[in-house]
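Please read all numbers here as calculations on a predicted model, not as lab measurements.
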Amino acid sequence: MPARYVYGTIEVPADKLMNWVGGVTKIDAAQSLLGQGGIPNVGVITGGKINTIRMEHVWVEAYVDYTTSRGEINKIPNTWIPMDASYKQYIFTQGMVLARTQMC
């Protein structure tokens with residue numbers, strides 16, 4: 001299956017980015033983490049606050065037979081489909097509290 005890397009600029013909603021980098025609660029902290037990792041980024045301000053972050057990114061695209069089979073069978077490829085496994089959202093849960101009990 002033909003595949004390629006794509007390098008470009010993406011815009012990620014601020015709340016999604018904060019989750020993506022580990023669940024920080026301030027957009028400045030998320031931008032700082034990106035910068036420490038060598039990822040150039042810029043906050044895009046709308047309505048007086050940062051709503052999205054624009055940054056450089058690399059992802060993979062595969063050339064698949066999408067129109068007729070949604071990629072299930074790759075007989076005659078016709079569409080480059082972006083596949084970005086790096087952009088995941090996490091659900092953080094509180095750890096368990098194990099009460100110490102006395103055994104009789």
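- Listed by chain and residue number, nothing satisfies the side chain to side chain contact (heavy atoms under 4.5 Å, CB included) test with T25 (two or more places apart in sequence, or in another chain).
- Residues V12 and V6 are members of one and the same hydrophobic cluster, defined by side-chain heavy-atom contacts under 4.5 angstrom among Ile, Leu, Val, Met, Phe, Trp and Tyr.
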Solution key, residues 48-56 side-chain donor-acceptor pairs under 3.5 Å, sequence neighbours excluded:
{"residue": "N51", "atom": "ND2", "partner": "T46", "partner atom": "O", "Å": "2.8"}
{"residue": "N51", "atom": "ND2", "partner": "T46", "partner atom": "OG1", "Å": "2.3"}
{"residue": "T52", "atom": "OG1", "partner": "E11", "partner atom": "OE1", "Å": "3.3"}
{"residue": "R54", "atom": "NE", "partner": "E11", "partner atom": "OE2", "Å": "2.9"}
{"residue": "R54", "atom": "NH2", "partner": "E11", "partner atom": "OE2", "Å": "2.7"}
{"residue": "E56", "atom": "OE1", "partner": "Y7", "partner atom": "OH", "Å": "2.7"}

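- Minimum heavy-atom separation, A30 to M18: CB-CG, 4.0 Å.
- Taking OH from Y63 and CD1 from I81, the interatomic distance works out to 10.5 Å, rounded to the nearest 0.5 Å.
- Applying the salt bridge (charged side-chain N to carboxylate O under 4.0 Å, His left out) test to residues at least two apart or on different chains, none of the pairs has a partner in residues 12-29.
- Across all their heavy atoms, W59 and G8 have their closest contact at CZ3-N, 3.8 Å.
- Although no hydrogens or angles enter the test, the distance criterion places no donor-acceptor pair under 3.5 Å between the side chain of W80 and the main chain of R4.
- Partners of Q36 according to the side chain to side chain contact (heavy atoms under 4.5 Å, CB included) rule, which considers only residues two or more places apart in sequence or in another chain, are S32, L33.
- Partners of A14 according to the side chain to side chain contact (heavy atoms under 4.5 Å, CB included) rule, which considers only residues two or more places apart in sequence or in another chain, are I27.
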CA sep, side-chain torsions, deciding dist, call: D84, V60, side-chain contact (heavy atoms from CB on, under 4.5 Å): CA-CA 6 Å; D84 192 350; V60 173; over 6 Å; no
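- Under the 4.5 Å side-chain heavy-atom criterion for ILVMFWY residues, no single connected hydrophobic cluster contains both V42 and L34.
- Residues V44 and L17 do not share a hydrophobic cluster, clusters being chains of Ile/Leu/Val/Met/Phe/Trp/Tyr side chains in contact below 4.5 Å.
- Residues meeting the side chain to side chain donor-acceptor pair (under 3.5 Å) test with N41, sequence neighbours left out: Q31.
- Nearest heavy-atom pair, M1 versus A62, reported as atom, atom and distance to 0.1 Å: SD-CB, 4.0 Å.
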